[in-house]
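We're numbering straight along the sequence, starting at 1.
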Amino acid sequence: MIRGLGIDLVDIERIENIINKWGHHFLEKVYTTREIEYCQSKSASYQHFAVRFAAKEAVVKMLGKTEGISWQDIEVIKADNGRPGLLLFSQARIIAEKKGIYNIHITLSHEKKMAVAQVIGEGD
């Protein structure tokens, strides 16, 4: 049963401008160490940062609550099979459990100008 749904669209240039303005201060506030390392290893790093930002926003929408959730409570990972996945920590995990969400599906896409992420929270 679907317990939550979230989608977000991000302008890649907007994220690029924020990173260029605020640098590591922004990166360390929003992304986990693993996310930063992954994105910086890619030639189109801004696209990867933007799609992860969209994913974090989509998760918050899926949960229906932002209070107490830190950006770093939500981590986008790449599974062994190459598919994206999510790890929730702290308040994000607690809220998901309270909503009965035990499985989260995520899809990510980006092109030259835009990045989009959709998440579906599933439970009994």
Side-chain angles (χ1 to χ4, degrees):
M1 170 185 277
I2 294 175
R3 297 277 183 189
L5 173 67
I7 188 168
D8 197 65
L9 181 68
V10 172
D11 181 329
I12 294 168
E13 187 176 350
R14 178 176 161 251
I15 297 300
E16 180 179 1
N17 291 340
I18 292 170
I19 291 171
N20 288 334
K21 180 176 182 178
W22 298 103
H24 274 286
H25 177 73
F26 172 75
L27 294 178
E28 291 171 356
K29 180 178 180 180
V30 175
Y31 303 97
T32 66
T33 301
R34 286 187 291 198
E35 288 173 320
I36 294 169
E37 289 172 358
Y38 176 81
C39 293
Q40 288 180 336
S41 74
K42 301 296 182 184
S43 60
S45 64
Y46 296 120
Q47 289 180 345
H48 294 275
F49 280 119
V51 81
R52 278 156 181 74
F53 190 88
K56 291 169 187 269
E57 288 281 356
V59 168
V60 169
K61 290 174 182 177
M62 176 199 65
L63 295 175
K65 185 176 182 180
T66 59
E67 189 175 325
I69 297 177
S70 162
W71 290 107
Q72 292 193 9
D73 289 350
I74 304 162
E75 182 176 32
V76 178
I77 60 168
K78 186 174 180 181
D80 292 336
N81 61 6
R83 293 177 60 188
L86 283 168
L87 298 176
L88 301 183
F89 305 102
S90 303
Q91 191 65 19
R93 184 179 183 132
I94 291 167
I95 293 169
E97 289 173 355
K98 285 182 181 177
K99 289 190 72 157
I101 296 171
Y102 296 102
N103 192 22
I104 301 175
H105 305 275
I106 181 171
T107 185
L108 307 173
S109 186
H110 52 79
E111 53 92 43
K112 292 181 182 179
K113 295 185 180 216
M114 302 301 289
V116 64
Q118 182 176 13
V119 295
I120 299 172
E122 186 179 34
D124 296 332

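- Legend: salt bridge (charged side-chain N to carboxylate O under 4.0 Å, His left out) pairs involving residues 30-40, not counting sequence neighbours, sorted by first then second residue: Arg34-Glu75, Glu35-Lys56.
- Checking side-chain atoms of Gln72 against main-chain N and O of Tyr31 turns up a donor-acceptor pair under 3.5 Å.
- The two atoms that bring Arg52 and Cys39 nearest to each other are CD-SG, 3.5 Å, heavy atoms only.
- Taking both residues in full, the closest heavy atoms of Ala55 and Ile106 are given as CB-CD1, 3.8 Å, listed atom of the first, atom of the second, then distance.
- For the ring-ring contact (aromatic ring centres under 6.0 Å, His included) test, residues two or more places apart in sequence or in another chain that qualify with Tyr38 are His48.
- Under a hydrophobic-cluster definition in which Ile, Leu, Val, Met, Phe, Trp and Tyr are linked whenever side-chain heavy atoms come within less than 4.5 Å, directly or via other members, Val30 and Ile69 are assigned to different clusters.
- Going from atom CG of Leu63 over to atom CD1 of Ile74 covers 6.5 Å, rounded to the nearest 0.5 Å.
- In this structure, CZ in Phe49 is found 6.0 Å from CD1 in Ile36, a value given to the nearest 0.5 Å.
- Put simply, the side chain of Val10 does not reach to within 4.5 Å of the side chain of Glu57, judged on heavy atoms.
- Ile95 approaches Glu67 most closely through the heavy-atom pair CD1-O, 4.3 Å.
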Under 3.5 Å, which donor-acceptor pairs link side chains of residues 12-28 to any protein atom two or more places apart or in another chain?
residue: Asn17; atom: ND2; partner: Glu13; partner atom: O; Å: 3.3
residue: Asn20; atom: OD1; partner: Tyr46; partner atom: OH; Å: 2.9
residue: Asn20; atom: ND2; partner: Glu16; partner atom: O; Å: 3.3

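- A distance of 7.5 Å separates CD in Glu122 from CD1 in Ile2, rounded to the nearest 0.5 Å.
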Please tabulate, one pair per line, all N/O donor-acceptor pairs under 3.5 Å involving side-chain atoms of residues 83-92, not counting sequence neighbours.
none

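- Dense packing is recorded around CG of Asn81, with more than 12 heavy atoms of other residues, nucleotides or ligands lying under 6.0 Å away.
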List, one per line, each side-chain donor-acceptor pair under 3.5 Å for residues 110-118, sequence neighbours excluded.
residue: His110; atom: ND1; partner: Gln47; partner atom: OE1; Å: 3.2
residue: Glu111; atom: OE2; partner: Lys113; partner atom: N; Å: 3.0
residue: Glu111; atom: OE2; partner: Met114; partner atom: N; Å: 2.9

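- Residue pairs meeting the salt bridge (charged side-chain N to carboxylate O under 4.0 Å, His left out) criterion with at least one partner in residues 92-104, sequence neighbours excluded, are Arg93-Glu97.
- Neither Phe53 nor Leu108 shares a network with the other; the hydrophobic side chains, linked directly or stepwise wherever heavy atoms of I, L, V, M, F, W or Y lie under 4.5 Å apart, form separate groups for each.
- Connection of Val119 to Val76 is established within a shared hydrophobic cluster, with ILVMFWY side chains joined at heavy-atom distances below 4.5 Å, either directly or through further cluster members.
- To the nearest 0.5 Å, the span separating CD1 on Ile120 from CD1 on Ile7 amounts to 9.5 Å.
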